Amino acid sequence: QVHVVESGGGLVQPGGSLRLSCEVSGLPFTSYVTAWFRQVPGKEREFVVTMNQAGSFTYYADSVKGRFTITRDNANNMAYLQMKDLKPEDTAVYYCAVGEAIPNWKVTTSYEYWGQGTQVTVSS
């Protein structure tokens with residue numbers, strides 16, 4: 001059974017930093033692309049960033065480029081999202097997703113397995 005579990009969310013002040021973690025089990029992690037999406041109530045889930053299986057390719061949404069960094073640890077089936085210079089508009093539930101064959105990096109239906117999400121709130 002596949003499990004995708006996010007952690008690390010919380011409340012942070014504007015300009016602060018957080019690191020989200022994603023633990024994946026039940027599949028050959030090195031064969032899967034990893035991505036982060038986020039969602040606020042009443043809006044569609046929004047693409048944040050994706051990374052290929054080897055960690056040699058990344059693609060960021062313009063809204064987070066230069067502030068967020070995705071990494072992955074294939075030896076331990078983990079992915080991370082380091083977020084810095086956080087803004088109130090970054091407030092959302094953040095989801096980790098994995099997919100084996102990705103026809104479109106930014107589309108939710110490209111990813112087969114999802115975590116339950118972790119809340120990030122940026123507020124003073």
Side-chain angles (χ1 to χ4, degrees):
Q1 190 172 2
V2 176
H3 292 280
V4 179
V5 180
E6 305 96 335
S7 61
L11 173 64
V12 63
Q13 292 187 342
S17 299
L18 273 179
R19 188 176 85 150
L20 306 183
S21 300
C22 173
E23 182 174 8
V24 181
S25 61
L27 53 75
F29 185 62
T30 54
S31 297
Y32 282 73
V33 173
T34 302
W36 289 91
F37 286 74
R38 64 188 182 186
Q39 190 171 25
V40 298
K43 290 193 173 183
E44 291 188 357
R45 198 163 293 188
E46 175 190 25
F47 169 80
V48 175
V49 60
T50 194
M51 173 176 270
N52 70 344
Q53 292 89 333
S56 57
F57 170 81
T58 56
Y59 181 77
Y60 290 88
D62 287 343
S63 58
V64 306
K65 202 173 293 184
R67 300 187 299 121
F68 290 13
T69 303
I70 186 173
T71 57
R72 61 188 292 162
D73 177 357
N74 282 345
N76 292 296
N77 290 7
M78 297 289 296
Y80 302 95
L81 183 65
Q82 179 68 50
M83 306 183 292
K84 66 179 183 179
D85 191 22
L86 283 160
K87 306 175 181 181
E89 52 264 42
D90 294 318
T91 296
V93 176
Y94 283 71
Y95 295 91
C96 178
V98 294
E100 194 166 17
I102 308 298
N104 186 325
W105 303 105
K106 300 192 290 186
V107 173
T108 58
T109 52
S110 294
Y111 299 88
E112 299 159 55
Y113 302 102
W114 293 79
Q116 80 291 346
T118 186
Q119 176 72 47
V120 172
T121 303
V122 185
S123 175
S124 54

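All values below were derived from every heavy atom in this structure, side-chain atoms included, with hydrogens, water molecules and symmetry-related copies excluded. Remember, predicted model here, so these are calculated numbers, not experimental data.
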Are the side chains of S17 and V12 in contact, using a 4.5 Å heavy-atom criterion? no
Determine the minimum heavy-atom distance between Q119 and A92, stating which atoms define it. NE2-O, 3.5 Å
Closest heavy-atom pair and its distance - G26, V2: O-CG2, 3.6 Å
Please determine whether a side-chain nitrogen of the Lys or Arg among D90 and K87 lies less than 4.0 Å from a carboxylate oxygen of the Asp or Glu. no
Test of understanding: clusters of I, L, V, M, F, W, Y form through side-chain heavy atoms closer than 4.5 Å, transitively. Do M83 and Y80 belong to the same one? no
Around atom CD of E89, are there more than 12 heavy atoms of other residues, nucleotides or ligands at under 6.0 Å? yes
W105 with V48, same ILVMFWY side-chain cluster at under 4.5 Å: no
Hey, is the main chain of N104 close enough, under 3.5 Å, to the side chain of S110 for a donor-acceptor pair? yes
With a 4.5 Å heavy-atom cut-off, do V33 and Q53 have their side chains touching? yes
Give, for atom NZ of K106 and atom OG1 of T108, the distance between the pair rounded to the nearest 0.5 Å. 13.0 Å
Classify the ring geometry of W114 against Y95: parallel below 30°, tilted from 30° to 60°, perpendicular beyond 60°. perpendicular
Should L18 and W36 be regarded as members of a common hydrophobic cluster, given that ILVMFWY residues are connected when their side-chain heavy atoms come within less than 4.5 Å of each other, either directly or indirectly? yes
Say whether V24 and Y113 are linked into one hydrophobic cluster, either directly or through other cluster members, by side-chain heavy-atom distances under 4.5 angstrom. yes
Closest non-hydrogen atom pair, T34 against A79: CG2-CB, 3.5 Å
Compare all side-chain heavy atoms of M51 with those of V49 and state whether any distance is below 4.5 angstrom. no
For S56, the side-chain contact (heavy atoms from CB on, under 4.5 Å) test, sequence neighbours excluded, returns N52, A54
Spacing of OH belonging to Y94 relative to CZ belonging to F68, to within rounding of 0.5 Å: 4.0 Å
Quick one: OH on Y60 to CZ on F47, what's the gap to the nearest 0.5 Å? 9.5 Å
To the nearest 0.5 Å, what is the distance between OG1 on T50 and OH on Y59? 10.5 Å
Going by heavy atoms in the side chains, are L27 and Y32 under 4.5 Å from each other? yes
Could you check whether any side-chain heavy atom of Q13 comes within less than 4.5 Å of a side-chain heavy atom of L86, counting everything from C-beta outward? no
How many angstroms lie between CG in N77 and NE2 in H3, if you round to the nearest 0.5 Å? 13.0 Å
If you round to the nearest 0.5 Å, how far is CZ of R72 from CE of M78? 12.0 Å
With no hydrogens and no angle check, is any side-chain donor or acceptor of E6 less than 3.5 Å from a backbone partner on G117? yes
According to a 4.5 Å side-chain heavy-atom criterion applied to Ile, Leu, Val, Met, Phe, Trp and Tyr, with indirect links allowed, do Y111 and L81 form part of one hydrophobic cluster? no
